[in-house]
Amino acid sequence: MEQHLYEPVHEEFRDLCRQFLAREAVPHHARWEAAGLVDREVWRSAGAAGLLGMDVDAEYGGGGQRDFRFNAVLAEEIVRAGCPGLGFSLHNDVVAPYLTELTTDDQRKRWLPRFCSGDLVTAIAMSEPGAGSDLAGVRTGAVRDGDHWVLDGQKTFITNGELADLVIVVVRTDPERGAHGVSLVAVETGTPGLSRGRRLEKVGLKANDTAELFFDDCRVPAENLIGTENHGFYHLMANLPRERLSIAVSAVAAAERLLALTLDHARTREAFGRPIGTFQHNRFLLAELDTEVTIARGCATMGRLGAPYRAAVAPPRSPRLATDLTLPAPSRPDVARIQRRTVRLLVATQIIGGIGVTIGFAVGPLFAARMAGTAVAGLAQSAGVVGAGLLAVPITRIMSGHGRRPGLVMAYLVGAVGGVLVVLAAVTGRVPLLFLGILLFGGGSAANLQARYTAVDLAEPGRRGRQLSLVVWATTIGAVAAPNFAALADRTTSGWGLPPLAGPFAFSAAAFALAAGVLLVALRPDPLLTARRLAAAEAPTPGGGSAATGRRGAGLRAAWRVVRERPAARLGIAAVAVGHLVMIAVMSMTPVRLGEYHDDTAVLRVVGIVLSLHIAGMYALSPVVGWLTDRVGRRPVILGGLALLLAACAVAGSAGHHTPGLTVGLVLLGLGWSGTMVAGSTLLSESVPADVRPGVQGLSDLTMGLAGAGAGALSGFVMQVAGYPALTLLAAIATVPLLALALRPAPGRAPDEED
Ligand SMILES: Cc1cc2nc3c(=O)[nH]c(=O)nc-3n(C[C@H](O)[C@H](O)[C@H](O)COP(=O)(O)OP(=O)(O)OC[C@H]3O[C@@H](n4cnc5c(N)ncnc54)[C@H](O)[C@@H]3O)c2cc1C
């Protein structure tokens, strides 16, 4: 069949493969078939010839070619040479992605150079006597014992099972959680407790050592965990499609080879004085075979299964499952329509929610100061920020399991309940109720923060930044107007017998309830669930890994482990947290500072104007900040944000009670926050693997909330004990660790910064 998939560079590689196989494999294959396994030396020769780890980075000795067509060419040539016993495809196509995508720096350094040289033969052990297609039923268990995993169980049908120096073993690490309790552990040869069983007799692939493996109290170092604990099933789901594609490529090549041999026979074999291929019946048969093989190649390379094969890049890890070929998936225009609608809706709810959140920020500290004293004002403010951070965890869990809609609705409703409790606290004069109310009020902030991720679930990759910043920017509209609504709400509700400053919280509660209602009714279909369906249906993940892979129950510990080992992720999360800490510390005490010199009637109006401008600084220019982040890079924008935060501390701290000076300081504060927040979030999202991104999103919001809460809590005390200028000085000093982190030279394009 005529092929349009390959370019001259692939054909050159094909020549290399042919020469290698003719020299190193074909002469030995009959012997290997008799022996039931190939010589180990052929692996090293293949490594030396550049046939192992074609898509492993060059720094580890790989080919650095993220183009699956090289893998496909080798698989085809192995079959055409009649040497299917070589387990290179399992090593290159199936195991490689686990070792390149899910491993730590240390693991990559330990394994990948030998993986590419052929000194480390690999295998993957999923199947068991009682679990094949239904992988969630694996029984081989791994129990954590100090620094080790202790494995017990049995695997079967393991390709390269006898020669393998490293086996990725699918184990059950949480017996209670079904598919959510499965992990991947790399077991190296020589590990006590690992033994090889029978080499299995097969109908074909005689030279391949398909074997049984046994694990008996097999102690494996804890650092051999691959990917995230209890996420093994998702890692498999992400990578098995590439295995299917690899099998499809080999199977089609085998069918083509058989057809070619058959045609040759039909042309040369004669009966009744003519070649047997000229008899009409045989011509029909051959034409039908040719049609079927052509269709098979089409399915493998032209259908959705083969989309990544055609693309001159490494296949994304979630191409459409072969078994999903019959499932309907939304067409592109549908997705675009859903996305437009989602963003419009998010913009609307972000405006409504922004009003509620900002009223809380503007009035909360004043209200708490009146009710319980200035020192407590900061603590009350912190309660809201802690609430937003803590609520991010259950909300991201709800989203992971059930979609964005229930998560966002729940968060806004919790915020609304919080607003009602604050009003009740004002009526009854009970301070603990005030704190509980403000804590839950944080649900509104959590919803507004998570909405930015919702905006990118279905966004085209090239438009993610703009769509995210559009939703962030929408907050401005509600937020800038909100503090002025506070005075109106206060006047309106004072007629109802509510204490002063309580009315705005009733208004916020109504705003959150409205946002929840709008999302409940209109956010259909759910963008995250749609993105997952698409991810399962086709190769490119439309909404980014986080949405598409949709890991359930991504734990905080797992997210933290991922962040800890990646310098870029550490810088990203630090930028978000420190920027927020400085912003909250200074911002939360500025209304109190203004309150020192303005009377009750004027203070709300002045605070309203100052905070409106501060919030405009935070949000209004976010699209520009996003654009700059893409144009000049993440680190420079983080550093720019830091410079603005320092300038804000200097200006506000030295302004005395000069309202315009404080206003300029707060605008700079807002702009600095925007820089660290947008660039930090972008860097963080890029630098972690797709499968743990939702967990990391929750961790980032939690860290940000806790940093802001700590700052808010301390700010009231610092204000009372040392005054506002000292507070701004301390806030400026708090930026030093981030400055050091951001100025640390980046190692070129850091290996953990993904595209
Ligand atoms: C040559 C060879 C190499 C292999 N290499 C490896 C390896 O390296 N690592 C590894 O882990 N495993 C390996 N395997 C095992 C392979 O992955 C399993 O054989 C496969 O997953 C099927 O599992 P099973 O054999 O237990 O069949 P079962 O799961 O018992 O299935 C039996 C039959 O039921 C059908 N079936 C199952 N579920 C459904 C369903 N829901 N709907 C309809 N029909 C269904 C199946 O299609 C099949 O026809 C290898 C197998 C072979 C033959």
Side-chain angles (χ1 to χ4, degrees), residues 353-395 410-426 430-451 475 478-479 482-483 486 489 501-502 504-509 511-512 515 576-577 580-592 607 611 614-615 618 673 677 701-717 719:
I355 292 177
V357 169
T358 316
I359 286 179
F361 270 123
V363 183
L366 266 180
F367 181 55
R370 296 280 162 84
M371 220 173 136
T374 304
V376 174
L379 273 180
Q381 183 76 358
S382 308
V385 182
V386 167
L390 292 180
L391 285 164
V393 179
I395 288 164
M410 182 61 74
Y412 276 128
L413 286 181
V414 170
V417 169
V420 171
L421 290 184
V422 172
V423 175
L424 281 178
R430 293 173 65 181
V431 175
L433 197 59
L434 171 76
F435 274 90
L436 180 64
I438 293 182
L439 193 81
L440 297 182
F441 193 83
S445 303
N448 267 24
L449 281 171
Q450 285 295 321
T475 317
L501 301 180
F505 279 94
F507 198 87
S508 292
F512 290 158
V576 171
H580 200 61
L581 180 149
V582 173
M583 190 275 283
I584 295 283
V586 177
M587 184 275 281
S588 63
M589 284 302 117
T590 305
V592 181
V607 167
L611 286 194
H614 163 67
I615 291 162
M618 285 171 73
W673 178 87
M677 161 84 165
D701 283 1
L702 174 66
T703 316
M704 180 172 126
L706 293 181
L714 285 175
S715 63
F717 291 105
M719 176 89 177

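Not measured: the values here are computed from a predicted model.
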message = Within this structure, what is the CG-CG distance for the pair Leu434 and Leu439, rounded to the nearest 0.5 Å?
response = 11.0 Å
request  = Might you point out which heavy atoms bring Asn448 and Gly353 nearest each other, and give the distance in Å?
outcome  = ND2-C, 3.6 Å
key: Atom pair CZ (Phe435) and CZ (Arg430), whose distance is rounded to the nearest 0.5 Å   = 14.5 Å
remark   = Quick note, side-chain hydrogen bond (donor to acceptor under 3.5 Å, both in side chains) partners involving residues 431-442, not counting sequence neighbours, are none
key: Residues in side-chain contact (heavy atoms from CB on, under 4.5 Å) contact with Leu390, at least two apart in sequence or another chain   = Val386, Leu702
ask   = Quick one: CZ on Phe505 to CD1 on Ile438, what's the gap to the nearest 0.5 Å?
value = 5.0 Å
ask   = Could you state the interatomic distance from CE (Met618) to OG1 (Thr358), rounded to the nearest 0.5 Å?
value = 8.0 Å
ask   = Between Ala388 and Ala446, which heavy-atom pair has the shortest distance, and what is it?
value = O-CB, 3.6 Å
message = Going by the rule side-chain contact (heavy atoms from CB on, under 4.5 Å), which residues pair with Ala369 if we only count those two or more places apart in sequence or in a different chain?
response = Ala377
Least distance between heavy atoms, Leu391 atom then Val414 atom = CD1-CG1, 3.8 Å
query = Ser588: what forms a side chain to side chain donor-acceptor pair (under 3.5 Å) with it, not counting sequence neighbours?
reply = Ser715
task = With rounding to the nearest 0.5 Å, note down the distance linking CG in Leu449 to OG1 in Thr475.
result = 8.5 Å
request  = Test Met704 against every option in Leu581, Ile584, Val576 by the side-chain contact (heavy atoms from CB on, under 4.5 Å) rule and name the one that passes.
outcome  = Val576
ask   = CE of Met371: more than 12 outside heavy atoms within 6.0 angstrom?
value = yes
request  = Could you pull out all residues at least two apart from Phe512 that satisfy side-chain contact (heavy atoms from CB on, under 4.5 Å)?
outcome  = Val357, Tyr412, Ala416, Phe441
request  = Considering non-hydrogen atoms only, spot the tightest contact between Gly356 and Ser508 and give its length.
outcome  = O-OG, 3.0 Å
Minimum-distance pair of heavy atoms, taken over all atoms of Leu440 and Gly418 = CB-CA, 3.7 Å
ask   = What residues form a side-chain contact (heavy atoms from CB on, under 4.5 Å) with Ala392, not counting sequence neighbours?
value = Asp701
note = Correct closest heavy-atom pair for Ala411 and Ile395 would be CB-CD1, 3.2 Å
